[in-house]
Student: 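Here it is, the structure, as structure tokens.
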Amino acid sequence: MKKHSAVACIGQAGLFAQLPEEDLTKIAPISTHQEYFPKGSIIRQPGDGKDGLIFLDQGSAKIYSLNEAGKETVLGVLNKGDLDGQQNLFQDNHEENFVQALQDTYVCSINRRDFQDLLKKTPDLAINMLNNFGEKLVAIETKSIRRNSMSAKDRLLAYLEDLAKKQGRRDVQLKLKKKDLASYLGVTPETLSRQLKKLAKENRIKLSGRKIILL
DNA sequence: CCATTAATAGGCG
DNA sequence: CGCCTATTAATGG
């Protein structure tokens, strides 16, 4: 583990990346840094009183919610440099979700009230927030459209293509367990397993455990 | 090792 | 495609 600079850490987040150093140094004092969460531990959960933004300095995590029956629905994945909980910075919403570390993870966080105060004094930050929101909206919309209009196989393929694009390579490493990926895609693990096999048989992908190569 | 959890297989509606 | 069950693989202590 390398040394941790609050300013450098914040600068890694897409949300803050384009801010001048001057602004970053303003954010640094209100942020908490490098809390350690071992693999499998819960980083955030409803009712834990943590209402701020979280930022992954190292590791990865999944965001999910539980329905009445106790079934879990995976809403998304956070990787190094990603952040979540922006909504919570603006209003005290109670539809919080669970966030669980998929690997040993270090998270940095910022309290809601502190952030709001800062936002008022830092217009650039407000603009960036807005842009970030836009991206998130598009992502949600895309997912929603896929879920409603694409077959399981196409959804899966589209997901893999997105991942490949994001990781900048044709061999994709799944961060999620397949049952979690299934939940994220809105299918059962069995269906996911079968579709992956079909795609492999059609020579569109190549499987090797949690690594998948797009052909 | 054993025990638990994850992944796959096959049958059925 | 989802749900159920059985079998096998992977994981963790």
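All values below were derived from every heavy atom in this structure, side-chain atoms included, with hydrogens, water molecules and symmetry-related copies excluded. Chain letters run A, B, ... following the sequence lines, proteins first, then strands; residues in each count from 1.
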Student: Find the distance A/Gln195:CD to B/dT8:P and express it as a whole number of Å.
Tutor: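 Taking atom P of B/dT8 as the reference, CD of A/Gln195 is at 13 Å.
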
Student: Can you name the side chain to side chain donor-acceptor pair (under 3.5 Å) partners of A/Asp124, sequence neighbours left out?
Tutor: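 Partners of A/Asp124 under the side chain to side chain donor-acceptor pair (under 3.5 Å) test: none.
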
Student: What salt bridge (charged side-chain N to carboxylate O under 4.0 Å, His left out) pairs are there with at least one residue in residues 138-152 of chain A, not counting sequence neighbours?
Tutor: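 Every pair satisfying salt bridge (charged side-chain N to carboxylate O under 4.0 Å, His left out) with a residue in residues 138-152 of chain A: A/Arg146-A/Asp162.
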
Student: Given the rule in the ring-ring contact (aromatic ring centres under 6.0 Å, His included) test, do A/Tyr159 and A/Tyr184 qualify, once you have shown the distances and angles that lead to the verdict?
Tutor: CA-CA 10 Å; A/Tyr159 171 84; A/Tyr184 179 77; 5.6 Å; yes

Student: Check every strand shown and say whether A/Gly209 touches a base, only sugar-phosphate, or nothing at a heavy-atom separation below 4.0 Å.
Tutor: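 If one applies the 4.0 Å heavy-atom cut-off, A/Gly209 turns out to touch nothing in the nucleic acid.
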
Student: How close or far is atom P of B/dC12 from atom CD of A/Glu190, stated in whole angstroms?
Tutor: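 Between P of B/dC12 and CD of A/Glu190: 16 Å.
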
Student: By nearest heavy atom, map A/Gly186 and A/Lys39 onto DNA chain C; which one lands nearer the 5' end?
Tutor: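 Per heavy-atom nearest nucleotide, the more 5' residue is A/Gly186.
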
Student: For A/Arg194 and for A/Arg210, find the nucleotide of DNA chain C with the closest heavy atom, then tell me which residue's nucleotide is more 5'.
Tutor: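 Closest to the 5' end, via its nearest nucleotide, is A/Arg194.
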
Student: List for me each residue that meets salt bridge (charged side-chain N to carboxylate O under 4.0 Å, His left out) alongside A/Asp23, sequence neighbours excluded, and say none if there are none.
Tutor: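 Only A/Lys26 meet the salt bridge (charged side-chain N to carboxylate O under 4.0 Å, His left out) criterion with A/Asp23.
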
Student: Take atom CG of A/Asp180 and atom P of B/dA6, then tell me their distance rounded to the nearest Å.
Tutor: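 Computing the A/Asp180:CG to B/dA6:P distance gives 8 Å.
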
Student: For A/Phe37, give me all partners under ring-ring contact (aromatic ring centres under 6.0 Å, His included), at least two apart in sequence or on another chain.
Tutor: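 Checked A/Phe37 against ring-ring contact (aromatic ring centres under 6.0 Å, His included); zero matches.
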
Student: Report the distance from atom CG of A/Leu176 to atom C1' of B/dT5, rounded to the nearest whole Å.
Tutor: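 Rounded to whole Å, this separation is 16 Å.
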
Student: Please enumerate all residues that pass side chain to side chain donor-acceptor pair (under 3.5 Å) together with A/Asp171, with sequence neighbours excluded.
Tutor: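 Checked A/Asp171 against side chain to side chain donor-acceptor pair (under 3.5 Å); matches are A/Arg169.
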
Student: Would you say B/dA6 has OP1 or OP2 under 4.0 Å from some side-chain N or O of A/Lys177?
Tutor: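 Yes, such a contact exists.
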
Student: Reading DNA chain C 5' to 3', which nucleotide is the first, and which the last, to come under 4.0 Å of any heavy atom in chain A?
Tutor: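 Boundary nucleotides touching chain A, in 5' to 3' order, are C/dC1 to C/dG12.
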
Student: Could you tell me the separation between the CG atom of A/Leu102 and the C1' atom of B/dT5, rounded to a whole number of Å?
Tutor: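 So the CG-C1' distance, A/Leu102 to B/dT5, works out to 15 Å.
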
Student: Looking at A/Lys179, does any N or O in its side chain come under 4.0 Å of the phosphate oxygens OP1/OP2 on B/dA6?
Tutor: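 Answer yes for this pair, as a side-chain N or O of A/Lys179 is under 4.0 Å from OP1 or OP2.
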
